[in-house]
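Read the structure below first, then the notes.
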Amino acid sequence: MKKKNKLSRRITWRVIGIIVFFNVFIIGAVILFDLVMALLQSETRAQHLIDGIEGKLETMVQVVKTTTFNNRVEVEGHLDSPETVFDALERELRVNKRIVGCFAAFEPDYYKGQGRWFEAYAYYTDSTHIERQKIGSPRHDYFNGVWYKKGFSLDRGADGYLTDPYFDDSVGSSLYCSYVLPICDHEGQKVGVYGVDLNLDWIYATINAEENKVKKMENVENDPNDPDDNENAFFIQILDSQGKKIAGSETFDDKTLQKILKKDSIGFKRMKVNDITYFVTSKRIASTGWTLVVAQHIDFVLLFGYFLGIIILFFMTVGGIVIFFFMSRSIRR
């Protein structure tokens with residue numbers, strides 16, 4: 001009888017050992033597969049977001065480029081006096097509601113009686129009213145501005161220069177950028193720079209909408225008692241050509257920022273952001289020189305994999321215990 005009991009126990013433990021081995025193998029394979037799929041899903045999500053925002057920026061650049069080239073012709077045809085320049089600027093503004101202002105800055109003493117600086121600027125003060133303003137002075141010496149130097153250095157048929165975004169509260173507290181082209185007289189000589197201003201507040205709205213949409217889909221909700229809990233689980237950021245933040249909730253540390261700016265694109269790379277591990281995807285938009293960045297916290301990326309792995313481990317453990325109980329009884333019989 002004792003020999004039979006020993007034999008049944010040996011057989012039981014060997015069978016259970018085989019079952020446990022294969023269970024562990026299967027659990028490991030399933031969890032690994034699930035984590036890989038979570039990584040691929042997050043990489044696809046990041047690329048989809050970058051492609052969507054890039055498309056909106058490219059559309060903006062194309063619209064402003066076409067508008068600026070067309071408007072410049074109108075300004076160049078009315079260089080007779082400062083007043084005719086202002087009239088041309090205002091006409092173009094009324095036709096093109098997408099731009100908030102336009103300007104024509106001229107070479108030193110181009111118009112006699114106007115002094116060394118003459119920059120005609122027309123802009124919307126609200127949705128219907130256009131204000132005219134003459135700017136340019138020792139304090140606003142546009143000749144030393146990067147936008148003026150870049151614009152004036154371009155050939156007439158070349159693409160214009162899109163400035164990095166800047167904050168201006170002289171008209172309204174908003175983020176702007178400008179697109180500039182050289183102005184030529186009827187003899188083909190460059191006499192100044194023409195440009196249009198764009199309000200970039202829509203970028204903030206776009207970034208916030210995309211972030212909230214992703215967090216809602218992934219059921220990531222901020223704890224009102226701990227606002228920083230999930231605030232940076234996932235974020236999008238746009239950097240200008242100098243690495244300054246245009247839009248976004250987080251700020252990169254210098255070391256990470258240099259890594260991002262060093263390359264035209266980063267394809268879902270694990271990186272440290274302020275000593276926190278993220279999966280970072282970035283792309284430089286050629287037409288603007290700006291860089292789009294999508295950063296996803298490692299827990300945000302792998303959370304579903306962790307959760308599913310725990311569930312699988314629980315049920316297979318319970319199943320193993322049940323199998324052990326019934327098999328041991330069967331073998332003893």
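Reckoned from all heavy atoms, side chains included, excluding hydrogens, waters and symmetry mates. Keep in mind it's a predicted model, so treat the numbers as computed, not measured.
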Would you give the length of the straight line joining atom [atom1] of [X] to atom [atom2] of [Y], rounded to the nearest 0.5 angstrom?
X	Y	atom1	atom2	result
Thr291	Lys245	OG1	NZ	15.0 Å
Lys269	Ser282	NZ	OG	10.0 Å
Thr68	Ile99	OG1	CD1	7.0 Å
Gln133	Leu89	CD	CG	12.5 Å
Thr206	Glu211	OG1	CD	11.0 Å
Ile130	Leu93	CD1	CG	4.5 Å

N/O donor to acceptor pairs below 3.5 angstrom from side-chain atoms of residues 254-262, sequence neighbours left out:
unit_1, atom_1, unit_2, atom_2, d
Thr256, OG1, Asp253, OD1, 3.0
Thr256, OG1, Asp253, OD2, 2.9
Thr256, OG1, Lys272, O, 2.5

State whether [X] and [Y] are salt-bridged, where the test is any N-O pair (Lys NZ or Arg NE/NH1/NH2 against Asp/Glu carboxylate O) under 4.0 Å.
X	Y	answer
Asp264	Lys283	no
Glu119	Lys134	no
Lys215	Glu210	no

Between [X] and [Y], do the side chains contain an N or O donor and an N or O acceptor separated by less than 3.5 Å?
X	Y	result
Asp197	Tyr179	no
Ser287	Glu58	yes
Ser153	Tyr161	no

Side-chain heavy-atom pair [X], [Y] within 4.5 angstrom cut-off:
X	Y	answer
Leu175	Trp202	no
Gln242	Asp164	yes
Leu39	Leu302	yes
Ile238	Ile203	yes
Glu92	Val196	no
Thr163	Tyr176	no
Phe300	Val214	yes
Leu239	Lys244	no

For Asp51, salt bridge (charged side-chain N to carboxylate O under 4.0 Å, His left out) partners two or more places apart: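 Result, salt bridge (charged side-chain N to carboxylate O under 4.0 Å, His left out) vs Asp51: none returned.
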
Are Phe152 and Trp147 near enough that their ring centres are under 6.0 Å apart?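 No, ring centres 6.0 Å or more apart.
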
Is it true that, when you exclude [X] itself, more than 12 heavy atoms of the residues, nucleotides or ligands shown sit nearer than 6.0 Å to its [atom1]?
X	atom1	value
Arg116	CZ	yes
Phe33	CZ	no
Asp275	CG	no
His48	NE2	no

Quick check: closest heavy atoms across [X] and [Y], and the distance to 0.1 Å?
X	Y	value
Gly192	Tyr148	CA-OH, 3.8 Å
Tyr111	Pro82	CD2-CD, 3.7 Å
Tyr166	Cys177	CE2-CA, 3.8 Å
Ala158	Leu181	O-CD2, 3.9 Å

Count I, L, V, M, F, W, Y as connected when their side-chain heavy atoms are under 4.5 Å apart, and connections chain through other members. Are [X] and [Y] then in the same cluster?
X	Y	result
Val73	Val85	no
Ile266	Leu40	no
Val95	Val63	no

Using only atom types and a distance under 3.5 Å, with no angle test, would you say the side chain of [X] pairs donor to acceptor with the backbone of [Y]?
X	Y	result
Asn199	Asp201	yes
Arg132	Tyr121	no
Gln296	Val301	no
Gln237	Ala247	no

Assess whether side chain to side chain contact (heavy atoms under 4.5 Å, CB included) is satisfied between Ile285 and Leu292, documenting all intermediate values. CA-CA 7 Å; Ile285 311 303; Leu292 280 171; 3.8 Å; yes

With sequence neighbours left out, write down each residue that passes ring-ring contact (aromatic ring centres under 6.0 Å, His included) with Tyr110, or none if nothing qualifies.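 So Tyr110 forms a ring-ring contact (aromatic ring centres under 6.0 Å, His included) with Phe106.
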
Residue pairs fulfilling side-chain hydrogen bond (donor to acceptor under 3.5 Å, both in side chains) with at least one residue in residues 180-194, sequence neighbours excluded: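 Of all non-adjacent pairs touching residues 180-194, those that pass side-chain hydrogen bond (donor to acceptor under 3.5 Å, both in side chains) are Asn71-Tyr194.
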
Val64/Thr66 under side chain to side chain contact (heavy atoms under 4.5 Å, CB included): CA gap, chis, key distance, verdict: CA-CA 6 Å; Val64 71; Thr66 303; over 6 Å; no

According to the ring-ring contact (aromatic ring centres under 6.0 Å, His included) rule, which pairs have a member within residues 241-290, sequence neighbours left out?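 Only Phe235-Phe252, Phe235-Tyr278, Phe268-Phe279, Tyr278-His297 qualify under ring-ring contact (aromatic ring centres under 6.0 Å, His included).
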
Which residue pairs satisfy the ring-ring contact (aromatic ring centres under 6.0 Å, His included) criterion with at least one member in residues 65-91, sequence neighbours excluded?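 Checked against ring-ring contact (aromatic ring centres under 6.0 Å, His included) - neighbours excluded - no pair reaches residues 65-91.
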
Step by step, would you call Glu54 with Arg284 a salt bridge (charged side-chain N to carboxylate O under 4.0 Å, His left out)? CA-CA 9 Å; Glu54 179 188 18; Arg284 184 167 297 127; over 6 Å; no

Thr281: which of Glu43, Arg45, Gln47 passes side chain to side chain contact (heavy atoms under 4.5 Å, CB included):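 So, applying the side chain to side chain contact (heavy atoms under 4.5 Å, CB included) to Thr281 and each of Glu43, Arg45, Gln47, only Gln47 qualifies.
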
Glu90 vs Tyr123, test: side-chain hydrogen bond (donor to acceptor under 3.5 Å, both in side chains). Steps then yes/no. CA-CA 8 Å; Glu90 186 169 338; Tyr123 59 94; over 6 Å; no

Please determine whether side chain to side chain contact (heavy atoms under 4.5 Å, CB included) holds for the pair Val193 and Ile183, giving the CA-CA distance in whole Å, both sets of side-chain angles, and the decisive distance to 0.1 Å. CA-CA 5 Å; Val193 169; Ile183 299 173; 5.6 Å; no

Could you walk me through whether Phe234 and Val294 satisfy the side chain to side chain contact (heavy atoms under 4.5 Å, CB included) test, starting with their C-alpha distance in whole Å, then the side-chain angles of each, then the deciding distance to 0.1 Å, before giving a yes or no? CA-CA 8 Å; Phe234 168 88; Val294 174; 3.7 Å; yes

